[in-house]
Number of protein chains: 2
Amino acid sequence: MNDTDPKPARGRPKTMDADKVLDIAVAAYWRDDPADVSVNAICQLAGVSKPSLYREFGSEDGLMRAALDSYAERVLSDVFAILHGGRGLKDTLEALIDFASADPRMETGCLFYKMRAGKHRLGPETRARVEELDRAAHAAYESFLESCREAGELPVGLSLGPGAKYLGEQVALAITQRASGEDPASIREMLTLALSVFARP
Amino acid sequence: MNDTDPKPARGRPKTMDADKVLDIAVAAYWRDDPADVSVNAICQLAGVSKPSLYREFGSEDGLMRAALDSYAERVLSDVFAILHGGRGLKDTLEALIDFASADPRMETGCLFYKMRAGKHRLGPETRARVEELDRAAHAAYESFLESCREAGELPVGLSLGPGAKYLGEQVALAITQRASGEDPASIREMLTLALSVFARP
DNA sequence: TATTATTCGTACCAGTCGGTAACAAAGAGC
DNA sequence: GCTCTTTGTTACCGACTGGTACGAATAATA
């Protein structure tokens, strides 16, 4: 499915690079909170007129949704890859801790978590996608814990569903703290402490 | 210091009840996010004209700061009371867990945490007060842990500063989750799990 | 009664928001 | 040439924001 000019085009050739605009939107939404970035600002940053942007993305909601999709494809996929890596409990948790507290991409936080935190401010499309990604993330955390249980690496008293939620929220907390300029070493220490409950006998 | 009409008053008698307006503002900021409540909305809720409100509170920032002060006095004080209660580690943690996951006042979250989460959107007065309260809360958590250490109730490997931060953030996380409609029982379970790191030998 | 002081609310300000109508520009097909 | 289609931009819309100028209202004081 190559969607780069499948049509020979009939009318005036377009000069707007939609991918570039989307990249700029992702960067802006990601650095600042999505609620603090206006369509006007993105147009100015991208050097594109507002009607052009609206012709491409339909609405602010459409643009945010596209930005979230792009972000999920390029960044969140790494988290899913860590969880499905098939490594053991200890290694996977360490990889998660590294990602949350040391990955330079998380220096200004996570776009997904920023959107989730301000869910009520989102349009219907973007909100639905956020909830979908949230469910997918929970499922990934849970299946990871399930494989650990089968390997006998998990404390017996810990149930999978709540454990997955706990794990996900601790990672989210750590990344959110990075967005607010917290010291990475301190974040790592706290996240390590939080996840130590999984490594107990 | 009774500041209810210390002056016999000279001009037109005031009909506006500033305390009532403040209560309404606190309730509105508390239920919804402060960033989502406009001065206009508060005026409408309180049945007060905008200039009246501005004469009393100076600016939106002043109103928010007054609302936060009122909230701290009426609600946050309870948390400080729990921490300074002089009870042991286990009882105090249980009280914190009860407060965060079961107190009906926290059903729509905590105004202080909502403001802290959107700190960059606040005016200078309110932001300064948020940071001040944050420092005070951290100090309270730390002095609580210190007293537990002196009683030998704390794991030896746990340092006080990071431990206090961890404790505070876990409570904040739990209350924030309540604001987003999470199941209280699930929140209690997760917070209990998170705080179990303090009860280990 | 006239003055002065204080509070009241209407009606406005400039700015920003998301979104669009309307027209100009530029190519392809006839 | 002309038309048709698509993209581009300017300039606007109504709604809302925080904030205020200003005159009417209401009291104590002179």
Side-chain angles (χ1 to χ4, degrees), chain A residues 3-22 24-25 28-29 32-67 115 118 120-127, chain B residues 3-22 24-25 28-29 32-67 115 118 120-127:
Chain A
D3 52 357
T4 58
D5 37 37
K7 305 170 186 174
R10 173 85 180 280
R12 175 175 175 171
K14 76 162 55 178
T15 62
M16 186 184 87
D17 186 344
D19 288 343
K20 182 190 136 199
V21 173
L22 188 56
I24 289 174
Y29 287 144
D32 312 330
D33 195 287
D36 296 329
V37 179
S38 68
V39 179
N40 292 310
I42 290 175
C43 289
Q44 200 156 345
L45 285 172
V48 171
S49 75
K50 223 177 346 174
S52 295
L53 190 149
Y54 272 89
R55 214 192 316 271
E56 196 72 32
F57 298 99
S59 65
E60 185 180 37
D61 190 20
L63 174 62
M64 277 201 190
R65 190 215 141 98
M115 285 185 171
H120 61 284
R121 280 185 271 251
L122 301 176
E125 280 187 41
T126 314
R127 179 162 54 237
Chain B
D3 51 358
T4 57
D5 38 36
K7 305 169 186 174
R10 172 84 177 281
R12 174 174 175 171
K14 77 160 56 178
T15 62
M16 186 183 87
D17 185 344
D19 287 344
K20 181 191 137 197
V21 174
L22 188 56
I24 289 174
Y29 286 144
D32 311 330
D33 195 286
D36 297 329
V37 178
S38 69
V39 179
N40 292 308
I42 290 174
C43 288
Q44 199 156 344
L45 286 171
V48 171
S49 76
K50 224 177 344 175
S52 295
L53 189 148
Y54 272 89
R55 201 175 309 111
E56 196 71 31
F57 298 99
S59 65
E60 186 180 36
D61 190 20
L63 175 62
M64 276 201 192
R65 190 214 141 96
M115 285 185 170
H120 61 284
R121 279 183 273 250
L122 301 176
E125 279 188 41
T126 314
R127 180 162 54 236

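Order of the sequence lines sets the chain letters (A, B, ...), proteins ahead of strands, with each chain counted from 1.
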Query raised in the report: To the nearest angstrom, how far is A:Arg10 atom CZ from C:dA28 atom P?
Result: 10 Å

Query raised in the report: Pairing of DNA chain D as dot-bracket, 5' to 3': ( ) intra-strand, [ ] crossing, | other strand, . unpaired, with Watson-Crick or G-U pairs under 3.5 Å?
Result: ||||||||||||||||||||||||||||||

Query - Partner residues of A:Arg55 under the side-chain contact (heavy atoms from CB on, under 4.5 Å) criterion, sequence neighbours left out - result: none

**Report entry** CD-CD distance between B:Glu125 and B:Glu60, expressed to the nearest 0.5 angstrom
**Finding:** 12.0 Å

Query raised in the report: Roughly, in whole Å, what's the span from CZ in B:Arg121 to P in D:dG18?
Result: 13 Å

Query raised in the report: When the distance from CE of A:Met16 to C1' of D:dT7 is rounded to whole Å, what number comes out?
Result: 9 Å

Query raised in the report: Do A:Arg55 and D:dG8 share a donor-acceptor pair, side chain to base, under 3.5 Å?
Result: yes

Query raised in the report: Atom CD of A:Gln44 to atom C1' of C:dG15: distance rounded to whole Å?
Result: 14 Å

Requested in this report: Find the distance A:Ile42:CD1 to C:dG19:P and express it as a whole number of Å.
Outcome: 12 Å

Query raised in the report: In whole angstroms, how far is the C1' atom of C:dG19 from the CZ atom of A:Phe57?
Result: 16 Å

Query raised in the report: So how far is it from B:Arg127 CZ to B:Arg121 CZ, rounded to the nearest 0.5 Å?
Result: 12.0 Å

Query - B:Val37 versus B:Ala28, closest heavy-atom pair with distance - result: CG2-O, 3.6 Å

**Report entry** Below 4.0 Å: OP1/OP2 of C:dC8 and any side-chain N or O of B:Ser52
**Finding:** yes

**Report entry** Reference residue B:Phe57; test side-chain contact (heavy atoms from CB on, under 4.5 Å); the match among B:Leu22, B:Val39, B:Ile42
**Finding:** B:Leu22

Report summary line: Contacts of A:Asp17 meeting side chain to side chain donor-acceptor pair (under 3.5 Å) (sequence neighbours excluded), chain-then-number -> none

Query raised in the report: Could you state the interatomic distance from CE (A:Met115) to CG (A:Leu122), rounded to the nearest 0.5 Å?
Result: 6.5 Å

Query raised in the report: Can you check the B:Leu53 CG to C:dT10 P distance for me, whole Å?
Result: 15 Å

**Report entry** Distance test, side-chain N/O of A:Thr15 to OP1/OP2 of D:dG8, below 4.0 Å
**Finding:** yes

Report summary line: Value for CG (B:Asn40) from CG (B:Leu45), rounded to nearest 0.5 Å, stands at 11.0 Å

Query raised in the report: Start at the 5' end of DNA chain D and walk down; is the nucleotide closest to B:Pro13 or to A:Asp17 reached first?
Result: A:Asp17

Query raised in the report: Expressed in angstrom and rounded to an integer, what is the separation of B:Arg12 atom CZ from C:dT6 atom P?
Result: 15 Å

Query raised in the report: Can you list the residues that meet the side chain to side chain donor-acceptor pair (under 3.5 Å) rule with A:Lys14, with sequence neighbours excluded?
Result: A:Glu56

Interface polar pairs with nucleotides 16-18 of chain C, N/O, under 3.5 angstrom:
| from | atom 1 | to | atom 2 | distance (Å) |
| --- | --- | --- | --- | --- |
| C:dC17 | OP1 | A:Ser38 | OG | 3.0 |
| C:dC17 | OP2 | A:Asn40 | ND2 | 3.3 |
| C:dG18 | OP1 | A:Val39 | N | 3.4 |
| C:dG18 | OP1 | A:Glu60 | OE2 | 2.6 |
| C:dG18 | OP2 | A:Val39 | N | 3.1 |

Report task. For the side chain of B:Pro51, starting at C-beta, report the closest nucleotide among D:dA24, D:dT20, D:dC4. Result -> D:dT20

Report task. Taking all non-hydrogen atoms of both residues into account, name the closest pair between A:Ile24 and A:Ala46 and its distance. Result -> CD1-CA, 3.6 Å

Polar atom pairs between nucleotides 13-15 of chain D and protein, under 3.5 Å, N or O only, would you list them?
none

Query raised in the report: Between the side chains of A:Asp33 and B:His120, does any donor sit under 3.5 Å from an acceptor?
Result: no

Query raised in the report: D:dG19 phosphate, OP1 or OP2: any side-chain N/O from B:Ser59 under 4.0 angstrom?
Result: no

Report summary line: Closest non-hydrogen atoms of A:Ala25 and A:Leu63, given as atom of the first, atom of the second and distance, are CB-CD1, 4.0 Å

